[in-house]
Amino acid sequence: MIVRIPANGLEVEGELIIPKNANGLVIFAHGSGSSRHSPRNMLVAQELRQNNLGTLLVDLLSVDEDSDYQNRFNIALLAERRTVCS
């Protein structure tokens, strides 16, 4: 399920999947050149779900923000977004 999380005037997108009988939730917060669409991240999330853990893969930057390479290293912005998404 695609979720939208309010983050200081905009929304960041994530993919939330919670298997039946989940024992917890793992949040993947992407912002430094990786994304929730990364095959590696999707594979890790799939393995976690097979072990009864829910996953939320969330991009901390909007598409427009990510197009500015410097935003990927804006620690203050990424930390603020991570706080909102946790």
Side-chain angles (χ1 to χ4, degrees):
M1 158 191 335
I2 299 299
V3 296
R4 290 177 178 75
I5 302 166
N8 296 340
L10 64 93
E11 292 182 334
V12 293
E13 282 194 354
E15 182 175 354
L16 176 65
I17 301 176
I18 302 176
K20 190 174 184 177
N21 301 321
N23 295 318
L25 177 70
V26 177
I27 300 173
F28 293 72
H30 304 288
S32 296
S34 184
S35 82
R36 70 179 194 271
H37 302 291
S38 160
R40 178 185 60 204
N41 295 330
M42 291 171 38
L43 179 63
V44 172
Q46 179 181 6
E47 289 291 323
L48 291 168
R49 290 190 301 268
Q50 289 175 353
N51 287 283
N52 296 322
L53 290 168
T55 59
L56 171 61
L57 285 80
V58 63
D59 295 323
L60 297 177
L61 299 173
S62 69
V63 173
D64 288 339
E65 289 171 326
D66 192 50
S67 67
D68 180 349
Y69 186 75
Q70 294 303 312
N71 282 333
R72 297 177 184 183
F73 304 98
N74 184 336
I75 302 305
L77 175 62
L78 295 172
E80 178 182 328
R81 296 280 172 80
R82 192 207 54 81
T83 300
V84 170
C85 296
S86 323

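These numbers come from the heavy atoms of this one structure, side chains and all, not from hydrogens, waters or symmetry mates.
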Quick check: is [Y] connected to [X] through a chain of hydrophobic side chains (ILVMFWY, heavy atoms under 4.5 Å apart)?
{"X": "Ile5", "Y": "Val26", "value": "no"}
{"X": "Ile27", "Y": "Ile18", "value": "yes"}
{"X": "Ile75", "Y": "Leu61", "value": "no"}
{"X": "Leu57", "Y": "Leu48", "value": "yes"}

Side chain to side chain donor-acceptor pair (under 3.5 Å) pairs, two or more places apart, involving residues 9-28: Arg4-Glu13, Glu13-Arg36
Minimum side-chain heavy-atom gap Leu53-Thr55 below 4.5 Å: no
Close side-chain approach of Leu56 to Leu16, heavy-atom, < 4.5 Å: yes
Separation between CD1 of Ile17 and CD1 of Ile2, rounded to the nearest 0.5 Å: 8.5 Å
CG on Asn74 to CG on Leu60, rounded to 0.5 Å: 11.5 Å
Heavy-atom pair with the smallest gap, counting every atom of Gly54 and Ala22: N-CB, 4.1 Å
Shortest non-hydrogen contact from Asn41 toward Phe28: O-CE2, 4.3 Å
